[in-house]
Structure formats: structure tokens, C-alpha cells
Amino acid sequence: MYTADGRRFLDFGAGIAVSSLGHGHPGLVKAIAEQAARVMHVSNLYRIPQAERLAERLVAHSFADSVFFSNSGAEANEGMVKMIRKAQAQRGHAERTRIICCTGAFHGRTLAMIAATGNPAYLEGFGTPVDGFDHVPFNNMNALRAAITPETAGIMVEPIQGETGIRQADPQFMTGLRQVCDEFGLLLGFDEVQTGMGRTGKLFAHEWYDVTPDIISVAKGIAGGFPMGAILASEEVASHMTAGSHGTTFGGNPLACAAANAVLDEILAPGFLDAVEETGAFLGEALAALVRTHPAIFELARGRGLMWGLKCRLPVARIQEMATRSGLLSVTAGDNVLRLLPPLIVGKDECREAVAILGTVAGTLESETGKSCAGSEARTDGKQGPIQSHEEIQA
Ligand SMILES: *Cc1c(COP(=O)(O)O)cnc(C)c1O
């Protein structure tokens, strides 16, 4: 990206994991321009071939049998919760309305989704939280089992928690979620709004775990920057929704679907997801080396595919600001983590350059403290191991 005055930025935020094909991608631009010139919107009172094609392709490449299109991630999650409740009601369990979510989750900003998110900071000032969501610690199967009641309808979990610092679900936890849902007749929903559409090197992140959900939500990168969300569901869940059960005016309009089809053309092209995985692994190794070189500034790097978090020892906002000044755009997340979510078409050279910028930022911060902090050999206090914290350096 370039500013009006010509400064150059590497965009490793991608509009919060949205601009999956970068900016000005010829195929995406052409698809949007051509569709806009024909028809942008008709409403789903009519059959929309672009939407049917998109739905067919998503179904062909996933566990799902049906797709519903929305305009955002929060709206997709709302629909997912409605579908879980409706399926339980239609199966004779109208009392099953509650959804188990995890602490540290992020599910969006509507009234119900701030309740599902459960973060007090997002609920504050907005009155009584919407009822129907119970929270258990992420990756804790004992706590999850203990939280199941006769009113539990299903579970909604992110395979990798994005907003709270790129925290991955344990494989045993994911497998356990499927088992517990089968055991108690619950429905398993994954919020793949951030992890889906190729971000982790698979079309959907749950594929890494070999666990089949009943329903998932996607959004963010699905249409490469055009606002769109989707719910993908198995027939078991989707069949309970009949005409009139749910709806949307804008969702699945021809323009959004043309954009999403153009994005899918790239993501499903042979070798594309392999390249995401390979470039992602390269970025991860470069970040791990960065952490080793600057242990006083960075604590660890974690992630998968092109979804990485760099846990910082100094306030992340400061590091992000310095990186921005040096030409690298990134996103902050919880747990003092700097999030790196480059477009899925990013190359190794760009990853190298991004990590070099972070290295320069770290060097500046180290020299500010007046000492070299390049690992245990830099210690002058006689203690062993890398320097642990900013306070310790100053001390
Ligand atoms: C961004 C995000 C949402 C909310 O999506 P919006 O399009 O902002 O409504 C929900 N869940 C996850 C995991 C997200 O990352």
C-alpha cells in the first residue's frame, strides 16, 4: 500500500485478515467491475446464479451440504446460533437453547455475539447481556463437560482464537468436542470467520484437526475485501430451516458472490493452499529466529499458515506503532500479541522484509534501554538464561 504522499507499506494486517488477494488483484477487480456493470443486487426473492455457483463450490470442498450467505462475521455467527437452536427445537428439544463458548473467544459485536464473546470490556455499557451463552476455559475438556446441562444445544468455538492472540485449540480438545457432541446430542459449530477461506493453509482450519463440525461460519477473507459472510451446514442442521425461518436483504447478492467466486478461483487453484502453508512455515521460522535474536523484546511466535502472533515483552501498541512508521502494517491482539495476517498471495521476500523491519524495531528498542539484549551472553547480572522482561532489563 502507498500513502498519498508516496510512502510504501507492506500490509501484514490485510484489513484484519480480509484482503486475502492483496490490493488491486486483477482477477478480483475484473470480476467486481464486470458484475457491477451487469447487476449488483436483486434480493434473494430471485435465484442468483453467482450465489448458487459459490454455494456449490463451497459444498464441494467442505463437510457442508448447504450454505447461507450473510454480510459479516457477526451476522454469520448469529445465523449459526439460530440454526443450532432451531435444529434442536425441531428434533423435539425446544429446551435446548444454550451455547457453550470459550473464554478468550471473539464472535463479533452484535448484542448476542458480545454475549457469546463474553469479554466484559465489550459488554460494558450495553445493558443486560443476551442470555444463552455459557463460558468454559479454552482447551479445557473437563470444564466443558461439566458445563453441559439439559438446556445445552451446542458448542461454538474458534479453531484458533484470533482476537485474543492467536491461540490454537489442542488436537485432543477438538477431537473431544466432537465426541462430547455425539455423546450428548449437541451440535458442533466452529467460528471460522478469521481462520477460514485458506488463512491457515487449508480451506478451513478444522481440516487440520480431522474433526467434522455440524456447522461453521466464515466471513473476513471470503470475498477479498467485499463485505460478506456465510454459514456452511450439514443437511442434519440445515434441513430444519424452511422458507421464512431466517433471511437477509443484501446477503448473497450477485456482486458479493462474484467477488467471492473470484477469490475461490485463486484459493482452489492447484498449489495455492500448499503455497500458503509453505510461505506460512517460512514466516513462522523467520519469526522464531527473530524471537531468539531479540529475547528481551519478543517472547514467542505462534500460529499456522499465514496467521501468526508475536507475543511481545514491551507494550504491543508501541511495537506496532514503530513497525508502522518503518513501513509494516500489522494488527494488535490480546495477550500483548502483534498479529501478522498478510494477504494469502504474500511471497517469501515480503515475509523476509517484514521480519527485518521487526528486527530493526527491536534493535531500536534495545538501544533505548542502553544495553545489548541479544540473549544470555548479554547479561551482566550473573543470572542464567535470556533476559526475561523489560523491567528486568531496566533493573
Ligand atoms: C472478525 C471476527 C468476527 C466478527 O466478524 P465481523 O465481520 O466483524 O462481524 C467473528 N468471529 C471471529 C473469529 C472473527 O475474527
Side-chain angles (χ1 to χ4, degrees), residues 13-20 68-84 99-119 121-123 126 130 133 135 138-139 154-169 174 177 188-200 202-206 208-209 213 215-232 248 250-252 256 259-260 263 303-309 330-335 337-342 344:
I16 320 189
V18 167
S19 310
S20 40
F68 178 86
F69 295 114
S70 66
N71 307 286
S72 70
E75 196 192 340
N77 283 338
E78 290 264 345
M80 178 158 77
V81 170
K82 281 179 74 177
M83 286 175 73
I84 289 173
I99 307 290
I100 297 178
C101 302
C102 288
T103 51
F106 182 79
H107 298 301
R109 298 289 195 154
T110 58
L111 281 172
M113 287 309 119
I114 54 175
T117 295
N119 182 340
Y122 298 160
L123 286 160
F126 298 113
V130 171
F133 302 97
H135 290 86
F138 190 47
N139 280 330
I155 297 172
M156 176 164 68
V157 169
E158 297 155 84
I160 304 175
Q161 292 188 333
E163 305 292 317
T164 45
I166 317 291
R167 303 194 306 159
Q168 301 191 47
M174 291 290 271
L177 289 176
L188 179 57
F190 290 138
D191 177 345
E192 292 240 26
V193 168
Q194 193 163 151
T195 54
M197 302 316 294
R199 176 56 52 189
T200 69
K202 298 267 190 210
L203 191 54
F204 304 109
H206 71 260
W208 287 112
Y209 297 92
I215 183 166
I216 66 171
S217 57
V218 295
K220 290 206 160 79
I222 186 172
F226 197 88
M228 186 180 214
I231 309 164
L232 281 68
T248 167
F250 290 117
V263 170
R304 170 153 242 170
L306 288 168
M307 185 172 182
W308 281 92
S330 58
V331 189
T332 60
D335 201 25
V337 162
L338 190 74
R339 244 186 310 173
L340 300 169
L341 307 157
L344 305 183

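In listed order, ligands and their atoms are each counted from 1.
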- [ ] Can you figure out which of Pro159, Ala76, Gly229, Gly73 has its heavy atom closest to atom 5 (O) of ligand 1?
- [x] Gly73
Task: Closest candidate by heavy atom, reference atom 14 (C) of ligand 1, pool Gln161, Met113, Glu163, Lys220 - done: Lys220
Please report which non-hydrogen protein atom sits nearest to [atom], along with the residue it belongs to and the distance in Å to one decimal place.
atom	answer
atom 11 (N) of ligand 1	Asp191 OD2, 2.7 Å
atom 12 (C) of ligand 1	Phe106 O, 3.3 Å
atom 9 (O) of ligand 1	Ala74 N, 2.7 Å

Nearest 0.5 Å please: distance from the [atom1] atom of [X] over to the [atom2] atom of [Y].
X	Y	atom1	atom2	answer
Ile160	Asp191	CD1	CG	12.0 Å
Thr117	His135	OG1	NE2	7.0 Å
Phe69	Glu75	CZ	CD	12.5 Å
His206	Ile216	NE2	CD1	5.5 Å
Ile166	Arg304	CD1	CZ	13.0 Å
Ser72	Ile222	OG	CD1	12.0 Å

Per-atom contacts, ligand 1 versus [X] - under 4.0 Å to a heavy atom:
X	answer
Ser72	7 (O), 9 (O)
Asn77	10 (C), 11 (N)
His107	10 (C), 11 (N)
Gly108	4 (C), 10 (C)

Open item on the list: For a quick test of reading the model, state the closest non-hydrogen atom pair linking Thr195 to Thr200 and the distance between them.
Closed with: O-CG2, 3.8 Å
TODO: Under 4.0 Å, heavy atoms only, figure out whether ligand 1 is touched by the backbone of Glu158, its side chain, both or neither.
DONE: side chain
- [ ] Mind checking whether Thr195 contacts ligand 1 via backbone (N, CA, C, O), side chain (CB onward), both or neither, at a 4.0 Å heavy-atom cut-off?
- [x] neither
- [ ] Ignoring angles and geometry beyond distance, decide whether Glu75 reaches within less than 3.5 Å of ligand 1 through its nitrogen or oxygen atoms.
- [x] no
- [ ] For Glu158 and Arg167, run salt bridge (Lys or Arg N to Asp or Glu O under 4.0 Å): C-alpha distance rounded to whole Å, both residues' side-chain angles, the deciding distance at 0.1 Å, then the answer.
- [x] CA-CA 9 Å; Glu158 297 155 84; Arg167 303 194 306 159; over 6 Å; no
